[in-house]
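For reference, the structure discussed in these notes is given below.
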Protein chains: 2
Amino acid sequence: MTRLESADTTTMQILKVAASHFAEKGLAGARVDEIARDAGVNKATIYYHIGGKAELYSEVFRANMHQSAEKLLSNVASKTSAEDKLRAYITTMVENLHDNPCAAPMMMREMASGGENIPEEGLNYVMRIFMTLTEILKQGQEEGEFRESNPAITHLMIIGSIMFYAAGEPMRQKLMTLFDGELPQQVFTDDGRLAAEISDLLVHALKN
Amino acid sequence: MTRLESADTTTMQILKVAASHFAEKGLAGARVDEIARDAGVNKATIYYHIGGKAELYSEVFRANMHQSAEKLLSNVASKTSAEDKLRAYITTMVENLHDNPCAAPMMMREMASGGENIPEEGLNYVMRIFMTLTEILKQGQEEGEFRESNPAITHLMIIGSIMFYAAGEPMRQKLMTLFDGELPQQVFTDDGRLAAEISDLLVHALKN
DNA sequence: GGGCTTTAACTAACCATTTAGTTAAACAAG
DNA sequence: CTTGTTTAACTAAATGGTTAGTTAAAGCCC
C-alpha cells in the first residue's frame with residue numbers, strides 16, 4: 001500500500017467510525033478522543049486529514065446525503081408510471097437507510113435542532129428529494145391514477161415512518177427485552193417487508 | 001405568594017426553560033449555566049431543588065410523557081367505535097405535540113440514541129401508547145370495519161408523520177426561506193388540518 | 001427561626017485543538 | 001547502489017478554554 005492509499009483508507013476509516021459516533025451521540029455528545037481511539041488513529045491525525053469536529057461532522061453528513069440522494073433520484077428516474085416511481089421511491093429510501101444505519105439517527109437529530117448543522121449541500125438534497133415526491137404525485141394525478149392529496153402530508157408519512165423504523169431499532173430491542181411477554185407476536189416487521197407494506201398502504205390510500 | 005408556592009413556581013420555571021434547551025440542543029448540548037440564566041435563577045437553585053443535569057433531564061422527560069400519555073389514553077377511552085378511537089388517537093397526539101413543542105424533538109433525539117436517557121416510567125408510557133393503538137386496530141378488525149394490517153407499520157406511520165411534522169417546523173422555515181420561489185404553494189398544512197388529513201388518509205387506507 | 005434564594009467564588013474534570021516532534025517511504029545526487 | 005534530503009503521514013504530550021457540580025456566606029420573606 002502506497003502512502004497515498006494509506007492516507008485514503010485512514011480518512012475513510014475515520015469517517016466511518018465518526019458516523020457511528022455522531023449517530024449514537026450527536027455532534028455535541030460525540031468525543032473526538034473516542035472517535036480517534038475506535039478508528040485506531042491518533043487524535044491529531046483527524047485534524048491533519050479532515051479538520052476539526054465540525055468539519056468531520058459536515059463531511060460525514062454530506063457524504064451520506066450525497067450517496068443516498070443520488071441513488072434515490074436515479075432509481076425513481078428509471079421508472080415510468082407514477083405508481084412504479086412511488087414504489088421505487090419508498091423502496092430505495094428503505095434500502096438506503098438499511099445500508100447506512102447512521103443516516104436516520106443523524107437526520108432525526110438534525111430535525112430536532114432545526115437543521116443547525118446540516119451543510120448547504122445537504123439542504124439542497126433534502127429539497128430535491130421532497131420535490132421528487134411532489135412530481136410523482138402530480139404525475140399520478142394528471143394520469144388519473146392518484147386522487148388529489150397534500151404532498152407534504154404524504155411526504156411526512158413516508159419519510160416519517162421509514163425514518164422512525166430505521167432509527168428505532170435499538171429502542172425496539174429495549175422495549176422487547178423490557179416487555180417481553182406483553183408484546184403481541186409479529187408486530188415488528190423485518191426490513192425486507194417494510195417497503196412493500198408501506199408502499200401497499202400508501203398506494204391503497206392514494207388510489208382512486 | 002407563600003414560600004412553598006414560590007418554590008413550586010421556581011421549579012416549574014426551571015423545568016419549562018430546561019425543556020426548551022434540551023429540545024433544541026439535546027442533553028449533551030444543553031448548558032446548565034444557560035438554563036439557569038434563562039430561567040432567571042442562580043445555578044445553585046437548580047441543584048437545590050432538582051439535582052444535577054441528569055435528574056433535570058429525567059424530570060422534564062417524565063413530566064412530558066406523563067401529561068401527554070394520560071390525555072391520550074383518556075381521550076381514546078371516551079370513544080366507542082374503532083374509527084372514532086383512531087381519530088381521537090391521532091387528534092390528541094397532534095394536540096399534545098402542539099401544546100408541548102419540546103416533546104417531539106426530545107423524543108426524536110431519544111430514538112436516535114436508542115432511548116439511552118429515557119427514564120423507566122417513560123418507557124412504560126411508550127409501551128402503553130403502542131398497545132393502545134394495537135387494541136384499536138384489533139377492535140376495528142373484529143367489528144369488520146378495518147382490514148387486517150400490521151399494527152407496527154400503522155403505528156410507525158402515525159407516530160412518524162406527526163413527530164416529523166411537529167419537530168420539523170424550524171426546518172420547514174429554513175427550507176422556505178432558502179428555496180422561496182421553487183416551492184409549490186400550500187404544500188405545508190397548518191396544525192389544525194394535520195390531524196384531519198392524517199386521519200382521513202389512514203382511515204381510507206385501513207377501511208375494508 | 002427556617003425555608004428559599006442569591007452571590008460569587010472555586011475545583012476538578014473534560015475535551016477540542018495545537019505544537020513539537022517521529023517515522024518511513026520516495027527520491028535525487030553522486 | 002547508497003547516502004543524504006524531502007515530504008506526507010502520523011504520534012505523544014501539552015495547552016487552554018469550557019463546564020458540571022460544590023460551597024459558604026449573606027439576604028429575604030413568612
Side-chain angles (χ1 to χ4, degrees), chain A residues 1-62 106 109-110 113 116-119, chain B residues 1-62 106 109-110 113 116-119:
Chain A
M1 185 151 44
T2 72
R3 277 182 300 181
L4 267 171
E5 275 165 0
S6 133
D8 268 10
T9 55
T10 300
T11 298
M12 286 304 173
Q13 175 68 3
I14 291 168
L15 289 174
K16 201 178 85 185
V17 171
S20 72
H21 279 250
F22 287 137
E24 277 173 36
K25 305 152 191 269
L27 174 56
R31 302 290 158 230
V32 178
D33 287 271
E34 288 178 15
I35 293 170
R37 188 197 59 204
D38 291 359
V41 297
N42 190 277
K43 188 159 54 149
T45 305
I46 294 177
Y47 288 85
Y48 176 80
H49 282 291
I50 297 164
K53 201 189 190 185
E55 287 92 332
L56 184 55
Y57 184 87
S58 285
E59 182 50 27
V60 167
F61 201 95
R62 197 205 57 75
M106 287 184 73
R109 283 181 205 275
E110 283 302 329
S113 65
E116 217 185 4
N117 304 299
I118 301 185
Chain B
M1 185 151 43
T2 71
R3 279 177 295 178
L4 267 172
E5 275 165 2
S6 138
D8 271 8
T9 57
T10 300
T11 299
M12 285 304 172
Q13 174 68 4
I14 292 168
L15 290 175
K16 202 178 85 187
V17 171
S20 72
H21 279 249
F22 287 138
E24 277 173 38
K25 305 153 192 268
L27 174 57
R31 301 289 159 232
V32 176
D33 286 274
E34 286 179 18
I35 293 171
R37 188 197 60 205
D38 290 359
V41 297
N42 190 275
K43 185 163 59 149
T45 306
I46 293 178
Y47 288 87
Y48 179 81
H49 282 291
I50 296 164
K53 200 189 193 186
E55 287 93 330
L56 184 55
Y57 184 86
S58 283
E59 182 50 28
V60 167
F61 201 95
R62 198 205 56 74
M106 287 183 72
R109 283 183 205 275
E110 284 302 328
S113 64
E116 218 185 5
N117 304 298
I118 300 185

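Only this structure's heavy atoms are used, side chains among them; waters, hydrogens and symmetry mates stay out. Below, chains carry the letters A, B, ... as their sequence lines are ordered, and counting in each starts from 1.
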Notebook entry, point to check: Could you state the NZ-P distance from Lys53(A) to dC14(C), rounded to the nearest angstrom?
Noted result: 15 Å
Margin query: Arg62(B): which residues meet the salt bridge (Lys or Arg N to Asp or Glu O under 4.0 Å) condition with it, sequence neighbours left out?
Written below: Glu59(B), Glu121(B)
Write down the protein N/O and nucleotide N/O pairs, taken from nucleotides 20-23 of chain C, whose separation is under 3.5 Å; answer none if there are no such pairs.
none

Notebook entry, point to check: Which residue pairs pass the salt bridge (charged side-chain N to carboxylate O under 4.0 Å, His left out) test when at least one of the two sits in residues 49-58 of chain A, sequence neighbours left out?
Noted result: none
Next item on the list: For residues 18-28 of chain A, pull every pair meeting salt bridge (charged side-chain N to carboxylate O under 4.0 Å, His left out), keeping only residues two or more places apart or in separate chains.
Entry: Lys25(A)-Glu34(A)
Check: NZ of Lys25(B) versus C1' of dT19(D): gap in Å, rounded?
Finding: 14 Å
Next item on the list: State whether Tyr48(A) places a side-chain N or O below 4.0 Å from either non-bridging phosphate oxygen (OP1 or OP2) of dC10(D).
Entry: no
Note to self: Suppose we screen for side chain to side chain donor-acceptor pair (under 3.5 Å). Which residues come up paired with Asp38(B), at least two apart in sequence or across chains?
What the structure shows: His21(B)
Check: Would a 4.5 Å heavy-atom cut-off, applied to side chains only, mark Gln13(B) and Thr9(B) as touching?
Finding: no
Check: Tyr47(A): what forms a side chain to side chain donor-acceptor pair (under 3.5 Å) with it, not counting sequence neighbours?
Finding: none
Checklist line | Name of the residue among Met106(B), Arg109(B), Glu110(B) meeting side-chain contact (heavy atoms from CB on, under 4.5 Å) with Asn117(B) | finding: Glu110(B)
Checklist line | Whole angstrom value for the distance that separates C1' of dA20(D) from CD1 of Ile50(B) | finding: 15 Å
Note to self: For DNA chain C, which residues of residues 14-24 of chain A approach it to below 4.0 angstrom with any heavy atom?
What the structure shows: none
Notebook entry, point to check: Under the side chain to side chain contact (heavy atoms under 4.5 Å, CB included) test, which residues partner Thr45(B), sequence neighbours left out?
Noted result: Thr10(B), Ile14(B), Val41(B), Asn42(B), His49(B)
Next item on the list: Would you mind telling me which of dA8(C), dA16(C), dA20(D) lies closest to the side-chain atoms of Lys43(B)?
Entry: dA20(D)
Next item on the list: Report yes if at least one side-chain N or O of Thr45(B) is closer than 4.0 Å to OP1 or OP2 of dC4(C); otherwise report no.
Entry: no
Margin query: Using OP1 and OP2 only, check whether a side-chain N or O of His49(A) sits under 4.0 Å from dA8(D).
Written below: no
Check: Any side-chain N or O of Asn42(A) under 4.0 Å from OP1/OP2 of dC10(D)?
Finding: no
Notebook entry, point to check: Is there a residue in residues 28-41 of chain A whose heavy atoms reach under 4.0 Å of DNA chain D, and which residues are they?
Noted result: Val41(A)
Notebook entry, point to check: Lys43(B): what forms a salt bridge (Lys or Arg N to Asp or Glu O under 4.0 Å) with it, not counting sequence neighbours?
Noted result: Asp33(B)
Margin query: Please find the pair of heavy atoms, one from Ser58(B) and one from Pro119(B), that lie closest to each other, and give the distance.
Written below: O-CG, 3.9 Å
Next item on the list: Answer yes or no: does a side-chain N or O of Thr10(A) lie under 4.0 Å from OP1 or OP2 of dC10(D)?
Entry: yes
Item checked: Partner set under side chain to side chain contact (heavy atoms under 4.5 Å, CB included) for Ala18(A), not counting sequence neighbours -> Phe22(A), Ile35(A), Leu56(A), Val60(A)
